[in-house]
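Contents: one structure, followed by commentary.
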Amino acid sequence: FGRGGRLRHQRRPQGMRGFANLNRAGRFIAVVAVTAMVGLLALRGVVTLVWKRPHNLGIHDGWLAPCPAQRNCVSTQAMDATHRIEPIPFRKSGPKAHSRILEIVSRLPRAHLIEEEADYIHAEFRTWGLHHTDDVEFYFDVTDQPIHVRSAARLPFYDFGVNRNRVELIRSLYLAQ
């Protein structure tokens with residue numbers, strides 16, 4: 001104790017000063033950084049809770065679900081140029097094409113197989129960072145012989161071409177063999 005019965009301030013070792021050692025600007029930056037991280041984690045939690053798997057996925061009378069108005073979806077069955085992408089041609093019989101697409105999808109990073117039938121595959125892809133989910137569907141139309149694809153982000157924002165690039169990558173890997 002010092003004079004007057006008060007505790008005397010003890011100096012901490014150099015490595016133990018932490019937040020208290022920062023100047024005013026440093027503290028402000030630290031508070032902003034922590035607040036931003038908490039905000040991003042909260043946003044990620046809200047997005048995960050709100051954007052569940054759509055109920056309209058799958059094949060309905062030979063058609064995959066239509067793309068929404070936003071530019072975050074591509075489909076081989078879309079009529080407008082913004083969402084249209086060319087189908088993948090059959091290079092093999094139906095079961096061989098199915099197994100080849102399944103093999104390609106399973107090897108892509110952050111891919112999770114959700115549903116698999118003889119003429120349909122549904123996979124989810126998680127984007128890097130906030131882990132937004134994209135739904136990718138393949139419809140193997142054995143009568144007309146194309147492989148129809150629909151790839152869509154669940155969030156209603158522009159996807160910077162991620163879905164189109166993913167489908168083109170899958171197409172190139174499929175056609176390479």
Side-chain angles (χ1 to χ4, degrees), residues 36 39-177:
L40 285 174
L41 289 174
L43 175 65
R44 179 179 173 191
V46 168
V47 164
T48 302
L49 290 174
V50 172
W51 297 101
K52 298 290 182 190
R53 187 175 299 137
H55 298 290
N56 64 342
L57 299 181
I59 305 166
H60 306 283
D61 296 323
W63 289 85
L64 296 170
C67 283
Q70 294 87 4
R71 296 180 56 162
N72 62 354
C73 174
V74 294
S75 174
T76 58
Q77 295 177 326
M79 300 301 170
D80 61 302
T82 302
H83 298 104
R84 176 86 177 146
I85 194 164
E86 289 302 311
I88 300 172
F90 267 84
R91 280 270 170 105
K92 303 168 182 186
S93 69
K96 288 184 181 178
H98 183 278
S99 64
R100 178 69 182 133
I101 291 290
L102 193 59
E103 175 190 351
I104 291 168
V105 168
S106 66
R107 289 186 178 181
L108 292 176
R110 297 177 301 280
H112 305 282
L113 181 65
I114 303 301
E115 185 178 348
E116 178 190 1
E117 296 176 15
D119 61 348
Y120 178 76
I121 295 173
H122 173 212
E124 291 178 349
F125 286 81
R126 303 279 172 134
T127 58
W128 187 85
L130 289 176
H131 303 284
H132 297 159
T133 303
D134 297 341
D135 292 289
V136 181
E137 302 175 278
F138 299 90
Y139 167 42
F140 299 86
D141 188 352
V142 292
T143 55
D144 293 335
Q145 298 291 310
I147 302 171
H148 289 291
V149 184
R150 179 184 183 269
S151 183
R154 289 186 186 166
L155 291 178
F157 307 117
Y158 181 64
D159 70 346
F160 300 99
V162 170
N163 285 293
R164 185 173 295 277
N165 291 340
R166 181 184 299 118
V167 172
E168 292 300 343
L169 172 65
I170 292 169
R171 176 197 319 280
S172 66
L173 292 171
Y174 175 80
L175 295 176
Q177 276 193 336

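What you see is a predicted model; the values in this text were computed from it and never measured.
- Considering every non-hydrogen atom in both Phe90 and Phe140, the closest pair reads CZ-CB, 4.1 Å.
- Side-chain contact between Arg171 and Ile85 is present, with at least one heavy-atom pair separated by less than 4.5 Å.
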Test side chain to side chain contact (heavy atoms under 4.5 Å, CB included) on His112 and Thr133; report intermediate values, then the result. CA-CA 10 Å; His112 305 282; Thr133 303; over 6 Å; no
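- Put simply, the side chain of His98 never gets that close to the backbone of Ile121: no donor and acceptor are under 3.5 Å apart.
- Screening residues 64-93 for disulfide bond (SG atoms under 2.5 Å apart) gives Cys67-Cys73 as the qualifying pairs, with residues at least two apart or on separate chains.
- Every pair passing salt bridge (charged side-chain N to carboxylate O under 4.0 Å, His left out) that includes a residue from residues 143-152 is listed here, sequence neighbours excluded: Glu137-Arg150.
- Across all non-hydrogen atoms, the minimal contact from His83 to Ala78 is CB-CB, 3.7 Å.
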Could you please spell out the steps behind the side chain to side chain contact (heavy atoms under 4.5 Å, CB included) verdict for Asp119 and Val142? CA-CA 8 Å; Asp119 61 348; Val142 292; 5.9 Å; no
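- Looking at heavy atoms from C-beta onward, Glu124 lies in side-chain contact with Arg154 at the 4.5 angstrom threshold.
- Looking at residues two or more places apart in sequence or on another chain, you find no salt bridge (Lys or Arg N to Asp or Glu O under 4.0 Å) involving Asp141.
- Rounding to the nearest 0.5 angstrom, the gap separating the CG atom in Leu173 from the CD1 atom in Ile101 is 9.0 Å.
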For residues 56-65, which side-chain donor-acceptor pairs fall under 3.5 Å, sequence neighbours excluded?
{"residue": "His60", "atom": "NE2", "partner": "Asn56", "partner atom": "O", "Å": "3.2"}
{"residue": "His60", "atom": "NE2", "partner": "Leu57", "partner atom": "O", "Å": "3.4"}

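- Residues passing the side chain to side chain donor-acceptor pair (under 3.5 Å) test with Ser75: none are found, sequence neighbours excluded.
- Between Val149 and Ile88, some side-chain heavy-atom pair lies under the 4.5 Å cut-off.
- The number of heavy-atom neighbours closer than 6.0 Å to CZ of Arg164, taken from other residues, nucleotides and ligands shown, is above 12.
- Not counting sequence neighbours, the partners of Arg166 by the side chain to side chain contact (heavy atoms under 4.5 Å, CB included) test are Phe125, Asp134, Val136, Ser151, Val162, Asn163, Ile170.
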